[in-house]
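What follows is one structure encoded as structure tokens, with my remarks underneath.
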Amino acid sequence: MKRSSLILLLALSSTTYAQNIGILSGGFQSDTQWYQDDETINANAPDEKLASNNYFKLDYTINNFSFGIRYEAYLPPLLGYQPQYEGTGVANRYATFQNDLLEVTAGNFYEQFGSGLTLRAYEERQLGIDNSLDGIRIKLSPIVGINLTGIYGKQRKFFENGAGTVRGIDGNFQINELITWENMPSIGIGLSVVSKYELYTGPNDDISEIVNAYSARASLVGDKMSFDMEYVEKDIDPSEANGLNTLRKGRAILVNSSYFKKGIGINLTLRRLENMDFRSERTASLTNLWINYLPAETRQHGYLLPNIYPYAVQSQGEIGGQVSFTYTFAKGTNLGGKYGTKLAINYSQFNKLGKTNPSSTADFNTELFQASDTLIYRDANIELKKKVNKNFTTTLSYISIVYNKNLIEGIPSKSVHSQIGVVEALFKFSKRRSIRAELQHLWTEGDQGNWAGAVFEYNMAPKWSFFALDQFNYGEENSPHYYQTGFSFKKSATKITMSYGRQRGGLICVGGVCRLVPSATGANLSVVTSF
Amino acid sequence: MKSKKIIILIFLKGDESPLCYFISIMKKTIILSSIVLLLLTNSYAQNEKQLPQLTIENLKGEQISTSEILNAEGPTIISFWATWCKPCIMELNEMQDLYQDWQDETNVKVIAVSVDDTRSAGIVPAFVSGKSWDFDIYLDKNSDFKRTLNISNVPYTILLDQNGDIVWIQSGYTPGDEEVLYEELVKL
């Protein structure tokens, strides 16, 4: 492959006399890693020891117009990202016109209908996901309370577009803005249709070139409570991702309700998914070309060890939900102390769907509200945070996870039952200097056995932070340490992080969407800025 | 505020055939030159940045323009956060402890924009009440606001003066940063 380079230097001096000269803004992100061989954790450095992901974005806005491009360079991509990303190019460009009535975008755009069960085009760099649509989007708001969106385009696939075309319309009607009564709660109704077209010339009669998904949703928000739900149905769509022999429709239900007043909050989320993998190319796999978004409805943990067993959504069939309870013991009470003590309890559980329907004429595989006894995931956790005095804050957490490794990772094995305890302390010894430490332990009889973990951070606000951490898998035969040390520097919109150490292989999940990363050892440099 | 801004674009390109390569360079040159031209005809880029015009969702599900959410009677702090982001919650807890004093002194308003996607956006109202936060809360479920401001990671905190001009930015949070923010706040 021939490589050449074009370097363009553009210097603009800027003053602020003229009005309406527009706003130029942008962002840059670079993640570079140097890899080493490391037998202890089975990490093999690739032939090219240096890998780097880079993103450079520029936007220009003037009056009712905005334009932008994003250039990306993977030289080559970091381990764990799909190798097809290798190369460089303009990955995103768009032009938008906007006024009070309408907004028109040509080029690449991101969009979400409702809760994303039918459509969500988004970017998640940590996972290497960018399923932006390349086409046309029109948004209309004829009157306050009515929002209509129409989209037409193809989705990004590495540096090209996928084969299928995605069309969709969405209407959102905020009833309380259309009709006003006294003390009326907020009521919203939404409808959307998303349709995929992909040419098919093969012999399989079950495969249809057009696949539609329909969604209806409603929401109700009062002063102390809220309730919303969405129901989705999707046409028969045999694809590589569902094994090409799924000849039933898909459907999803999401129900979300909350009660809240100052100092207390309770949320209950229930969700059922059946055959909901929806992509704009029949042969797409991994994290490619998703049209809809199916996040895990479980708590996303901030500590290291609970993330050894994260939930990955079972888009073909799961039923379950989660309950969260957040509470502040008021200031001045026995438990609240001077600053108020914060309590958070969360429970989530997902099971496989109930018995399969044997009838060949049935639309769906299973009854709507039937769960099987097969547990996929369960997480019960409690967290107590107390600010003891101005200089000392401590947090205690206990987490209990049941992880069906067989179903989640596809590796024949028993379910892993694990218990995790975390003690965290923050000690400020001056206004801007502080030490933060975490001690963690994971107990399990199964899988790789026990883990111990520790994080130590020395902070010099506002610019510097130094850290060292270790995850020690002493339950494993060769007892590897996954250590890492480094520092970060930040100033205004810029943040630079350098680190050296070992990365634990496994699932990296953001929003319950996961990618598998191999174990790796080496040095990392990350630069993020916006301007 | 006057300052010079230098923008450097570096393009590295590899392709199979020289022809392909030539075409792709041409394409890129056209895109780039149009942007450059656009900028040069205007000569200047505005430096005192304001918030871009966008609509953002409040906890009732209503679409509100970003120009309407700012504080008309004083400075505004906008903090981008998420329920799963530990440093974000540390920062907002600290701000909550100081909020009353800050308001008395500077009339500031704190806006907390949650970038939780649908995985956890439904939890936000209960979460915020449970934490006893007094901030104005908005939802940015598909990261449109975050993307427009080119924010890579949360927490990300912006201070705007009474005219809506962005005067200070902080990317990330280290304990004690609220002291720095306070110093900037009293300068206004």
Side-chain angles (χ1 to χ4, degrees), chain A residues 1 3 5-16 21-24 26-27 29 57 73 88 110 112 115-116 122 174 186 188 219 221 226 256 258 260-267 269 295 300 302 324 326-328 426 428 431-432 434 459 461-462 465 490 492-493 495 511-512 528 530, chain B residues 2-14 16 21 25 28 31-32 35-36 38-39 42 44-49 52 59-63 84 86 97 117-120 122-123 125-127 129-132 141-143 149-153 169-172 174-177 179-180:
Chain A
M1 205 150 77
R3 281 195 185 282
S5 69
L6 164 70
I7 299 173
L8 185 80
L9 274 165
L10 163 66
L12 297 166
S13 60
S14 84
T15 55
T16 53
I21 46 160
I23 298 174
L24 180 69
Q29 181 179 344
K57 182 172 172 253
T88 64
Y110 297 95
Q112 175 173 323
S115 59
Y122 72 112
Q174 203 63 40
S186 296
S219 73
V221 186
S226 73
N256 188 346
S258 297
F260 42 87
K261 67 174 199 187
K262 187 153 186 177
I264 182 166
I266 304 166
N267 175 270
T269 304
Q300 187 159 321
S324 314
T326 322
Y327 186 76
T328 301
L426 173 70
K428 277 189 181 176
K431 275 193 167 173
R432 296 189 182 184
S434 64
N459 297 308
S465 178
K490 69 180 168 46
S492 191
K495 192 171 183 189
V528 174
S530 59
Chain B
K2 285 185 189 178
S3 80
K4 287 198 172 169
K5 194 172 242 182
I6 298 171
I7 294 145
I8 304 168
L9 301 176
I10 301 170
F11 278 78
L12 302 160
K13 180 68 205 174
E16 280 80 17
Y21 172 63
I25 287 287
K28 246 165 251 166
I31 296 172
L32 278 172
I35 290 176
V36 170
L38 202 67
L39 295 171
N42 288 300
Y44 306 116
Q46 189 169 315
N47 210 39
E48 275 173 7
K49 265 197 209 162
L59 291 183
K60 290 179 174 171
E62 296 159 350
Q63 302 292 321
W84 42 261
K86 280 167 55 69
D97 287 345
D117 63 33
T118 37
R119 175 185 197 177
S120 40
I123 294 175
F127 188 91
S129 298
K131 295 275 179 203
S132 287
K141 287 181 191 166
N142 204 27
S143 296
L149 289 172
N150 293 298
I151 300 170
S152 290
N153 297 307
I169 292 172
Q170 175 194 286
S171 163
T174 28
D177 279 351
E179 301 287 341
V180 183

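So that the names make sense, note that chain A is the first sequence line, chain B the second, and so on, each numbered from 1. Side chains included, hydrogens not; waters and symmetry mates left out as well; all remaining heavy atoms used. These numbers come from a predicted model, not from an experiment.
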(message) For A:Tyr327, which atoms come within 4.5 Å of any heavy atom of chain B: side chain, backbone, both, or neither?
(response) backbone
(message) So for A:Lys428, is it side chain, backbone, both, or neither that comes closer than 4.5 Å to the heavy atoms of chain B?
(response) side chain
(message) Out of A:Gly263, A:Ser258, A:Ser219, return the one with the most heavy atom pairs under 4.5 angstrom to chain B.
(response) A:Gly263
(request) Select, from A:Ser324, A:Ser492, A:Ser530, A:Ser115, the one with the greatest count of heavy-atom pairs under 4.5 Å involving chain B. (result) A:Ser492
(message) Please check if the number of heavy atoms outside A:Lys262 that lie under 6.0 Å from its NZ is greater than 12.
(response) yes
Looking only at heavy atoms, what is the nearest atom pair of [X] and [Y], with distance?
{"X": "A:Asn459", "Y": "B:Pro175", "result": "ND2-CD, 3.4 Å"}
{"X": "B:Thr174", "Y": "A:Pro462", "result": "OG1-O, 4.0 Å"}
{"X": "B:Arg119", "Y": "A:Pro295", "result": "CB-CB, 3.5 Å"}
{"X": "A:Asn267", "Y": "B:Ile123", "result": "OD1-CG1, 3.6 Å"}
{"X": "B:Ala126", "Y": "A:Phe260", "result": "CA-CB, 4.1 Å"}
{"X": "B:Gly176", "Y": "A:Ala461", "result": "C-CB, 3.8 Å"}

(message) Using 0.5 Å steps for rounding, measure from the OG atom of B:Ser120 to the CD atom of A:Gln300.
(response) 7.0 Å
Check whether any side-chain heavy atom of [X] lies under 4.5 Å from a side-chain heavy atom of [Y], and answer yes or no.
{"X": "A:Gln112", "Y": "B:Thr118", "answer": "yes"}
{"X": "B:Asp177", "Y": "A:Lys490", "answer": "yes"}
{"X": "A:Gln29", "Y": "B:Ser152", "answer": "yes"}
{"X": "A:Ser186", "Y": "B:Glu62", "answer": "yes"}

(request) Go through the atoms of B:Lys86 and report whether side chain, backbone, both or neither lie under 4.5 Å from a heavy atom of chain A. (result) side chain
(message) Test your reading of the model: is there a side-chain donor-acceptor pair from B:Asn142 to the backbone of A:Tyr122, 3.5 Å cut-off?
(response) no
(request) Step by step, work out the side-chain contact (heavy atoms from CB on, under 4.5 Å) result for B:Ser171 and A:Lys495. (result) CA-CA 7 Å; B:Ser171 163; A:Lys495 192 171 183 189; 3.9 Å; yes
